[in-house]
4 protein chains.
Amino acid sequence: MQKKNVPSMVKDEQLIQRRRAQMVKGAVTLFIQKGFHRTTTREIAQESGFSIGTLYEYIGSKEDVLYLVCDSIYDEVRMRLEKLLETNTTGTERLKQVIESLFRVVDDMQDEVLVMYQEIKSLPKEALAYVLEKEEALTLIIEKAVASSCQAGEVELTEEETKLLSHNIMVQGHMWAFRRWSIQKQFTLSTYTELQTRRLLDGVRKRHVMMGKK
Amino acid sequence: MQKKNVPSMVKDEQLIQRRRAQMVKGAVTLFIQKGFHRTTTREIAQESGFSIGTLYEYIGSKEDVLYLVCDSIYDEVRMRLEKLLETNTTGTERLKQVIESLFRVVDDMQDEVLVMYQEIKSLPKEALAYVLEKEEALTLIIEKAVASSCQAGEVELTEEETKLLSHNIMVQGHMWAFRRWSIQKQFTLSTYTELQTRRLLDGVRKRHVMMGKK
Amino acid sequence: MQKKNVPSMVKDEQLIQRRRAQMVKGAVTLFIQKGFHRTTTREIAQESGFSIGTLYEYIGSKEDVLYLVCDSIYDEVRMRLEKLLETNTTGTERLKQVIESLFRVVDDMQDEVLVMYQEIKSLPKEALAYVLEKEEALTLIIEKAVASSCQAGEVELTEEETKLLSHNIMVQGHMWAFRRWSIQKQFTLSTYTELQTRRLLDGVRKRHVMMGKK
Amino acid sequence: MQKKNVPSMVKDEQLIQRRRAQMVKGAVTLFIQKGFHRTTTREIAQESGFSIGTLYEYIGSKEDVLYLVCDSIYDEVRMRLEKLLETNTTGTERLKQVIESLFRVVDDMQDEVLVMYQEIKSLPKEALAYVLEKEEALTLIIEKAVASSCQAGEVELTEEETKLLSHNIMVQGHMWAFRRWSIQKQFTLSTYTELQTRRLLDGVRKRHVMMGKK
DNA sequence: TATGAATGAGTATTCATTCAT
DNA sequence: CATGAATGAATACTCATTCAT
């Protein structure tokens, strides 16, 4: 799936990047506060530091802003995640690290994650498909760590189980944000991480290993 | 938290109930198709089978419709869930049944669940709080089943772990709907249910019990 | 060609007729002053005596107003023309009467005729086709009078010549309006009518008749 | 009436001429396609082969472009007409030639003639007056031919009739363009020219000449 | 109680024009 | 001289809400 092409009247590619970055920054702030539909294009322009006319020099429609925002959030999540994963661990150690890192990123970007969950549906079909692909790509990072843990012989999972587990981890990350009204009242991030990690790993640990340990 | 009072010009309480039921039915259909913001009050009135004037005899604002819709979805989820749980099981058996029932209800009401996840944020603060309470009450049903499983001595969990597990179960139900673009391509509902149930229970099963079984 | 259907949100057909009449009246005034493109929908609403919202209860787009205006102008031209032609004359007498009547109607409706000439091109294709048909129907009235004059044996014309003559008469009527900056400085309507009538008839009069008269 | 002064930031008169020629060429193409109001200045600049900034180095406003276009169309009509009239005929022969030439020019420049008829009204007052003078000057060419025919003694016309006839000829030329939706379906240019010429001349031919011929 | 016509604030988008580079 | 990014007033159209019947 190709990156959706957002039309611009401006030729200087560098300038486009800069302006769109401003735009996304302003828009995210507003979308977090009032959501996509309740935010006007004028507000986006103003918050971004330029006029409404200029805004439309860099996009074709309001929906393009949403697309740029979603795209950018995914890129940032991925970037932060990869940054936290730079060390070269493997096996279950790796998996623990992925979980902790994911949760930490979600914690840092709670509002952005919420925007994604709630506004994504307003994207035009094509853009939506593209964004969902990014989500799957992200899930794949987790899947690789799970697989690595399998290969290390520490856990045994079918391919199906691997996939499902990855989804579970991803969603447990997200729910730290979208159920924060309940979860964050009861847990700190580190308790949450610890409890979830233990549960996730206990469930998959090889039986004989466990018993051996015992 | 009190049920939010939705104003009506009409006295006959029965009529109010009937009209609002029509209204919610029409609105849900539309919200599923186009979302709350893209649906007009005129459309809601038409889909409900009465005029725009009449619509406003039974609500005070468009947001009231959203509130009624969310409220009604929760009531239906709860009703269906309780229906499926009428038999008097206990212990781990009970827990399995709760999980399976929840997943089945979510499967039946996927679109409604999605509407909730995506439009809830558009509710006015007070209404939002009320609806979130309903969500917590729902989670409590699960929590009770988990606790019942503990009491049966089949699993051992701290109170914290109990709460978290309940959230996890709830969210794993919901994700069947909101990640369907990926999950429902890979799993049938019964596979999904089976895999998730196994994982959830394996993780919590008492060690000695497991070994004993061994 | 069917009359184009202009959409309306209002059900009462009578009301639609009344409101659209107001609308056309207001719009014509404005189009005469500033042309279609320089007139805003708000101005049309205001001049028509209702709000912009109400305007859009009776039309689907600004172009619909132009269509209604053109349609209405043609209807009025035709109505006035037919009124002036109610007496039952025939032959050349009839033709003279048609010419005089046409010129008189154009004189009365100069501004409207100009609007037609200048804004018709802004109509959507379908509407344009419909309006041009009305123009042809009007030309047919003239053609019938010319034919009547032929049948009376006073003039002899091929079918082609009949058609062309009718166009000429029509356009000579219109030019009284669209060349008024020059023609109306030099002629009064009655002089113009007399001169044009003489020329039109002299050119077609049967040769032997003329000579017989001589 | 002075030629309207179109302001330019550029000194080099030659360059001004060249750029404006490009501009008019581009603009005519666009005005024919979409009319003056639906054409943007950006489009004009692009079609002309330079940037929007450059466009405004050679004009003061969008209306100036329309003025230049109208001015240029008149000049070309005149030029072409004069070219076709270079041979030194006189009398009725001359008149026939003028008619045929005019019709031929209009046929060649149909779109341009239409633009004139439909957009002229958007000119600012002063520019409009200037352009109408050009139209009158053009009519004068015809008038001279008619007069020449009179002087040759072949037709007899009062001064009033001469003027009116010239207008008629002019308009019969134009109508070949602006009623083409009907006329060009029924006639070829040469039939149209022949029929109209015959009618125009028959109507004015001296009575005794005609009879003599007879 | 039911209706639907009326309202006008609000919104996305366009485009002529300017001006710093 | 040429460029094209920036501007913001202007504009068509929408839609939640009201209220007279």
Side-chain angles (χ1 to χ4, degrees), chain A residues 8-12 15-16 19 37-46 49-65, chain B residues 8-12 15-16 19 37-46 49-65, chain C residues 8-12 15-16 19 37-46 49-65, chain D residues 8-12 15-16 19 37-46 49-65:
Chain A
S8 169
M9 310 261 61
V10 173
K11 295 174 176 176
D12 181 343
L15 189 53
I16 294 182
R19 290 279 183 258
H37 282 103
R38 287 177 144 78
T39 302
T40 69
T41 51
R42 297 190 109 86
E43 287 170 324
I44 296 171
Q46 185 164 37
F50 37 68
S51 70
I52 181 66
T54 301
L55 182 75
Y56 275 89
E57 291 283 301
Y58 296 92
I59 51 159
S61 73
K62 193 186 171 191
E63 279 171 349
D64 284 342
V65 180
Chain B
S8 170
M9 307 268 67
V10 175
K11 306 287 160 179
D12 182 344
L15 189 52
I16 294 183
R19 290 276 185 255
H37 282 103
R38 288 176 145 80
T39 301
T40 68
T41 51
R42 273 168 129 118
E43 288 170 322
I44 296 171
Q46 185 168 37
F50 37 71
S51 71
I52 181 66
T54 303
L55 184 74
Y56 274 88
E57 292 287 309
Y58 295 92
I59 52 159
S61 76
K62 194 187 171 191
E63 281 169 347
D64 284 342
V65 180
Chain C
S8 170
M9 308 261 61
V10 173
K11 295 175 175 175
D12 182 341
L15 189 53
I16 294 182
R19 290 278 183 258
H37 282 103
R38 288 177 145 78
T39 302
T40 69
T41 50
R42 294 189 112 86
E43 287 170 324
I44 296 171
Q46 185 165 37
F50 36 68
S51 71
I52 181 66
T54 301
L55 183 74
Y56 276 89
E57 291 283 301
Y58 296 93
I59 52 160
S61 75
K62 193 186 170 192
E63 279 170 348
D64 284 342
V65 180
Chain D
S8 170
M9 307 268 66
V10 175
K11 306 286 160 178
D12 182 342
L15 188 53
I16 294 183
R19 290 276 185 255
H37 282 102
R38 289 176 143 80
T39 301
T40 69
T41 50
R42 274 167 128 119
E43 287 170 323
I44 296 171
Q46 185 169 36
F50 38 71
S51 71
I52 182 66
T54 303
L55 184 75
Y56 274 88
E57 293 287 308
Y58 296 92
I59 52 159
S61 77
K62 194 186 171 190
E63 281 169 347
D64 285 342
V65 180

* To do: Mind checking the NE2-OG1 spacing from His37(C) to Thr39(C)? Nearest 0.5 Å is all I need.
  => 10.0 Å
* Asked: Hey, does the side chain of Thr41(A) come within less than 4.0 Å of dA12(E)'s phosphate (OP1/OP2), counting only N and O?
  -> yes
* To do: Pick base, sugar-phosphate or nothing for Met9(C), based on heavy-atom distances below 4.0 Å to the nucleic acid.
  => sugar-phosphate
* Any chance you could lay out the side-chain contact (heavy atoms from CB on, under 4.5 Å) test for Arg19(D) and Glu57(D), step after step, and finish with the verdict? => CA-CA 10 Å; Arg19(D) 290 276 185 255; Glu57(D) 293 287 308; over 6 Å; no
* To do: Please state whether the phosphate of dT7(E), meaning OP1 or OP2, lies under 4.0 angstrom from any side-chain nitrogen or oxygen of Tyr56(C).
  => no
* How many Å lie between CD1 on Ile52(B) and P on dC15(F), as a whole number? -> 12 Å
* Asked: Has Arg19(D) got a side-chain N or O lying under 4.0 Å from the OP1 or OP2 atom of dA2(F)?
  -> yes
* To do: Using Watson-Crick or G-U wobble geometry with both distances below 3.5 Å, tell me the partner of dA20(E), or none.
  => dT3(F)
* Structure fact -> In whole angstroms, the gap separating C1' of dT11(F) from CD of Gln46(C) amounts to 15 Å
* To do: Remember a base hit wins even if backbone is also touched, and classify Thr40(A) as base, sugar-phosphate or nothing at under 4.0 Å, heavy atoms.
  => sugar-phosphate
* **N or O in side chain of Tyr58(B) less than 4.0 angstrom from dT1(E) OP1/OP2** => no
* **Rounded distance in Å - CG (Leu55(A)) to P (dG8(F))** => 14 Å
* Structure fact -> To the nearest 0.5 Å, atom CE of Met9(C) lies from atom OG1 of Thr54(C) at 13.0 Å
* Asked: Could you state the CD-C1' distance from Glu43(D) to dG4(F), rounded to the nearest angstrom?
  -> 17 Å
* Looking only at heavy atoms, which two atoms of Lys62(A) and Thr41(A) are closest? And how far apart? -> CG-CG2, 3.7 Å
* Asked: Looking across every strand, which nucleic acid part, if any, lies under 4.0 Å from Arg38(C) by heavy atom: base, sugar-phosphate, or nothing?
  -> nothing
* What integer distance in Å separates Asp12(D):CG from dC1(F):C1'? -> 10 Å
* Structure fact -> Ranking dT3(E), dA6(E), dT7(F) by distance to the side chain of Thr54(B), first place goes to dT3(E)
* Determine, step by step, whether Tyr58(D) and Leu15(D) satisfy the side-chain contact (heavy atoms from CB on, under 4.5 Å) criterion, reporting the C-alpha distance in whole Å, the side-chain angles of both residues, the deciding distance to 0.1 Å, and the verdict. => CA-CA 10 Å; Tyr58(D) 296 92; Leu15(D) 188 53; 3.4 Å; yes
* Over all atoms of both residues, closest heavy-atom pair of Gly60(C) and Asp64(C) -> N-OD2, 2.9 Å
* To do: Look at the side chain of Arg42(C) and the base of dG10(E), then say whether one donor and one acceptor between them are separated by less than 3.5 Å.
  => yes
* In whole angstroms, how far is the C1' atom of dC15(E) from the CD1 atom of Ile44(D)? -> 12 Å
* Asked: So which one's nearest nucleotide on DNA chain E is more toward 5', Ser61(A) or Val10(B)?
  -> Val10(B)
* Asked: Which part of the nucleic acid, if any, lies within contact of Thr39(B), taking any heavy atom under 4.0 Å across all strands shown: a base, the sugar-phosphate backbone alone, or nothing?
  -> sugar-phosphate
* Asked: Between Ile16(A) (CD1) and dA5(F) (P), how many Å, whole number?
  -> 8 Å
* To do: Would you kindly compare Gly53(C) and Lys11(A) by the position of their nearest DNA chain F nucleotide and give the one closer to the 5′ end?
  => Lys11(A)
* Structure fact -> Result for 5'-nearest mapping on DNA chain F, choosing between Glu57(B) and Glu63(C), is Glu63(C)
* Asked: Please give, in whole Å, the distance from dT11(F) P to His37(D) NE2?
  -> 11 Å
* To do: Between Gly49(C) and Lys62(D), name the one whose nearest nucleotide on DNA chain E is closer to the 5' end.
  => Gly49(C)
